[in-house]
Amino acid sequence: MSGESLHDLPSTINLEQALQGRAAGVQVIQETGQPGAATKVRIRGSSSLLGSNQPLYIVDGVPVVAEGNIPANGNVINNDLITQGLSSPLNNLSPNDIETISILKDASATAIYGSRAANGVVIITTKKGSETKGPVYSFNTSISYQKAQTLDVLNADQFRELWTEAANNSTSTALVVQQMRNGTYFKDANTDWEKELSPINPLSRIINFSASGGNEKMRYYGSIGTTAQDGTFRNSNFDRKNLLVNLDFQASSSLKFGTSINLSNSGQTSPDASLFARMYTYRPDMPVYNPDGTFTFSDGGVSENPVALSKSSNINKTNLLIGSAFGELNFARHFVLKSTLSINYNTGNLKSFYPSQTVKGGWAKATGDGTGFGQQNSSQALSHLWENILTYNQSFGKHVLEGIAGASWQGNENEYMSASGMGFPQDDILNNLSSATSNFLIYSGKTQSGLVSFFGRVNYSYADKYLLSVSARTDGSSKFAVENKWAFFPTVSAAWRLSEENFLKDVSFLDELKIRGSIGLTGQQNFGVYQWRALFAADQYGDNPAVIQTQLGNNRLKWELTTQTDIGLDFSLFKGRLNGALDYYVKNTKDLLFTALLPGNAGFANAISNLGRSQNKGFELALDGDIIRSKDFTWNLAINVATNKNKLVSLNSDFLNPANGNITPPSGGGVLRVGESLGLMYGRVAEGIIQNKAQLDALNALAPDGIYQVAGTAPGDLWYRDLNGDGKATTLDQTVIGNALPDFSGGFTNSFKYKNFRVNALFTYSVGNDLNWTAQAAAITFQSQASSENKLAIAMNRWTPEKPTSQPRAVYGDPNSNYFGSSYFVYDASFLRLKNLTIAYALPARLLQKTRFIKNIEINASGTNLLTFTSYPGADPETSNASGNDINVGLDVSRYPIAKVYTLGIRAGF
């Protein structure tokens, strides 16, 4: 993938999102519209249960892990921000500086990265200088307007109508129900909470300037840039400043030096994670403010109103340095020795403040205003790498031999400090942490780890027809005890270029035909630094300081290992007009980390151990062709499609429910089943709506006690399937009701060029994946006004005797538990999306020649997320509930909505 394909993207698209739909087998999911949030990237599926499934990123030779710098210290606010995918270091990289992006998927390509490559590798190369007659300057700028994709909710009149109806349909005699019936529960306002939370004009801006050039001795590239993205909701934004310098110096015919410095500073502001669910569910008949200027709150609810919550802020500042320096020596004609020192230094500073009229700030309906809550977190992560590679390359007639041998030493050090407090005298000015007067908490921590690696590869080619590659890597990691510290990762691959054979040389339309295969072993050690050690912490025993054990050690902990087999076919036809690749792969992962129960006398409930196996297998197809290729007009079509079948092959039974075969992770959320894939949804099977009393009587006749579901079930309620055959439908009758993983997914790009005009349209798609619209359960049922007062506009389609529909009736208390998780709320979330459309015009060269210094100018307009074709009724079929989670996925919980983006830009060269 070339950097040119990134030029059309607006500032709202980060580097990970730029991969979406462009490579077969690479699933990129934009789970949230939060400015600067991370994106979930999965290459050939998910293998790990507790470890990371994100790929390894290599930026100009420097390893970068897509993890944020917000401390995971048990703080609820921090955990919410991490779940939203905030502060990913990849968002600090400017797409304008990218020269190429390469995605390594099969074992042959990834094995050289050993213990870090089980989830694939993304290699990012920034722009370098080249020999030119003089400096080459480039400038580009753009401005974007965004519009959030949200759902309609009830207005105040509809709100009163439905809650009154729900109360009238209820047998409850509670005071609140009586107030709803007589109308005294309701207020007189008609507030549009989304409008109250949205800025007038959410804009985004990009400005970048670069200079490059060089001669036979020195080549250089330098750039500076700034990006500013307003969120589509208040108190949310992302801004970034970038500086990149790449230098290469040819000291002599055999000696070369170079350096790369990629420096960035970013600021990310995020609202509370629950704000958007609150926007949909807060009652519209309440005004924003009381007459005295304080915020209103609902008599029936337990939460602050959305505008009050929007006054809270979480501001994270990140400084990132990715730098390297190398020396390269050519000697003895065929040898090259390259030594590289690199650094990845990331510092973060998170400040959060929740005012006195928010729940986290101490507010409660029963007690009134709190005193505010504030916190400040500082973190720094330093990774340094010294890598030495010796390369040998020589030809012997038709034989070509290339060898690589290397060694590297990597050290990682992470440190954080977190402090929080309450008791702020006021919200607006005295809200720094130093103004807190009570409830002080301080956390700090430091971790260190190291990785030592020795690796090598031999490539052999005969007549450019028969190709063989053998590679091996040995890694030693401090994350394991001595007996399991080292792991060996071998790989072998072979290819046969059939198009070079005599029996195919006369096939005029065939340019290249190559079959290839590989098998290799890669590893995973991207989890807790001290998982194998017994850990201790300071505590208090009575009035005395003490030390307690906080983790039981496990010196048998070892690597997660993935064996991958890949068979592929590459072809090029019709003088390069049609190119393609077809792959089939199988990834078997063993020694998966999971939680094991411990006996009571161990002093700990559980421990982490290697307890499972998983498998991913699938097909990938990529095609790229020039449908029309003429002097003035070209039309290129690139399409890719991929399947992935995921399976949990085995896992310990400590958390197995033998009655239903479910394994529930002790951390809560999600269901695992041996023999099935990750991403399962579990619940009751809803057969439809009970439309009349005769249908209800027929169901009740099946039950031994004459009650098929519950005594309060009535026409208009959901009818659940009896799965165990006992004649009743209860919570025991649950099964798998959906799967978040697609049957196949991919993308296709149409590129048109006519003279100085060009049009580029990128479509992405996913087919067969389910989405559990959990927010809909509260949005159309009337279990309690405390859990969800306002409803989505679709609630107006409720069942009534006069107008029977396929949606549950409005009844206070929800006696039938229509709210319960069931297949009613699970939808096919297949979609086809016009992800990006760009129209550009380049000014004629003859016009620019008159200026003598402007070489090119291009004006472009683009749109992002313009069209989505889907049967999913929620706001976004691509959303999910948690960044980085692969077990409890596929839940639409009303996160920050994505936006349509309209962009105007100009690019010029001098």
Side-chain angles (χ1 to χ4, degrees), residues 20-21 23-29 40-49 51-55 103-107 110 117-120 517-522 524 560-569 581-592 594 612-622 639-651 661-663 670-682 735-747 764-772 826 828-831 877-878 880 885-890:
Q20 191 170 32
V26 180
Q27 188 182 26
V28 180
I29 303 172
K40 180 183 287 188
V41 178
R42 296 293 180 265
I43 297 177
R44 293 184 169 179
S46 300
S47 300
S48 187
L49 300 178
S52 172
N53 285 299
Q54 285 283 98
I103 301 173
L104 310 183
K105 297 180 289 185
D106 64 16
T110 62
N119 302 318
S518 65
I519 183 170
L521 188 68
T522 52
Q524 155 81 297
E560 291 185 348
L561 298 176
T562 297
T563 302
Q564 183 173 187
T565 303
D566 186 277
I567 300 173
L569 174 71
L582 175 66
D583 284 86
Y584 173 74
Y585 65 90
V586 179
K587 292 171 60 179
N588 290 303
T589 303
K590 67 177 184 177
D591 297 327
L592 292 179
F594 199 64
R613 297 168 57 212
S614 66
Q615 182 185 79
N616 288 276
K617 59 182 180 180
F619 289 93
E620 298 169 354
L621 174 65
I639 185 170
N640 66 80
V641 60
T643 68
N644 177 263
K645 299 297 181 183
N646 174 274
K647 182 169 69 172
L648 182 63
V649 178
S650 66
L651 193 63
N662 291 346
I663 298 173
V671 167
L672 296 169
R673 281 190 168 193
V674 172
E676 300 193 43
S677 72
L678 304 183
L680 298 179
M681 303 167 191
Y682 192 76
T735 187
V736 174
I737 55 176
N739 192 320
L741 304 184
D743 296 328
F744 61 93
S745 60
T764 60
Y765 63 88
S766 181
V767 177
N769 53 298
D770 296 319
L771 191 56
N772 189 344
V826 177
D828 178 5
S830 302
F831 69 88
E878 198 177 352
S880 189
N885 190 313
D886 289 278
I887 300 176
N888 188 28
V889 294

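Note that the structure is predicted; figures quoted are calculated from it, not measured. Basis for what follows: all heavy atoms, side chains included, without hydrogens, waters or symmetry-related copies.
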Has the side chain of N119 got a donor or acceptor atom that lies under 3.5 Å from a matching backbone atom of S52?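 Looks like yes, one N/O pair under 3.5 Å.
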
Given 3.5 Å as the limit, does a donor-acceptor pair link the side chain of T643 with the main chain of F619, or not?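 Flag set: sc T643 to bb F619 pair under 3.5 Å.
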
Once you round to the nearest 0.5 Å, how far does [atom1] of [X] lie from [atom2] of [Y]?
X    : Y    : atom1 : atom2 : value
N646 : E676 : CG    : CD    : 11.0 Å
K590 : S650 : NZ    : OG    : 11.5 Å
S880 : D886 : OG    : CG    : 9.0 Å
S766 : Q20  : OG    : CD    : 10.0 Å
N644 : K617 : CG    : NZ    : 10.5 Å
L521 : L561 : CG    : CG    : 5.0 Å

Sole candidate of T562, N616, D566 that passes side chain to side chain donor-acceptor pair (under 3.5 Å) when paired with R44: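 Output: one option passes, namely D566.
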
Output, in order, the C-alpha distance, side-chain angles, deciding distance and verdict of side-chain contact (heavy atoms from CB on, under 4.5 Å) for V41 and Q54. CA-CA 6 Å; V41 178; Q54 285 283 98; 4.0 Å; yes

Does a side-chain heavy-atom distance below 4.5 Å link [X] with [Y]?
X    : Y    : value
R613 : N588 : no
P742 : V767 : no
L678 : L49  : yes
T589 : Q524 : no

For K105, all residues meeting salt bridge (Lys or Arg N to Asp or Glu O under 4.0 Å), sequence neighbours excluded: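 K105: salt bridge (Lys or Arg N to Asp or Glu O under 4.0 Å) contacts with E620.
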
Under the side-chain contact (heavy atoms from CB on, under 4.5 Å) criterion, do R673 and N662 qualify, and how do the steps go? CA-CA 5 Å; R673 281 190 168 193; N662 291 346; 2.7 Å; yes

My understanding is that only residues two or more places apart in sequence, or in another chain, count here; which of them pass side chain to side chain contact (heavy atoms under 4.5 Å, CB included) with V641?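 Side chain to side chain contact (heavy atoms under 4.5 Å, CB included) check on V641 returns L621, F744, Y765.
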
Closest approach of [X] to [Y] (non-hydrogen atoms, all atoms of both residues):
X    : Y    : answer
A24  : A642 : C-CB, 4.2 Å
A740 : G890 : CB-CA, 3.8 Å
D743 : G768 : OD2-CA, 3.4 Å
D583 : G568 : OD2-CA, 3.9 Å
V736 : L680 : CG1-CD2, 4.1 Å
S518 : A107 : OG-N, 4.3 Å

What verdict does the side-chain contact (heavy atoms from CB on, under 4.5 Å) test give for E878 and I29, after you've listed the backbone C-alpha separation in whole Å, the side-chain angles of each residue and the deciding distance to 0.1 Å? CA-CA 7 Å; E878 198 177 352; I29 303 172; 3.9 Å; yes

Do we see a donor-acceptor contact under 3.5 Å between the side chains of S48 and E560?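 Short answer, yes.
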
With no hydrogens and no angle check, just 3.5 Å: does a side-chain donor-acceptor pair link Y682 and N772?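 Short answer, no.
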
Walk me through whether T764 and V28 qualify under side-chain contact (heavy atoms from CB on, under 4.5 Å). CA-CA 10 Å; T764 60; V28 180; over 6 Å; no

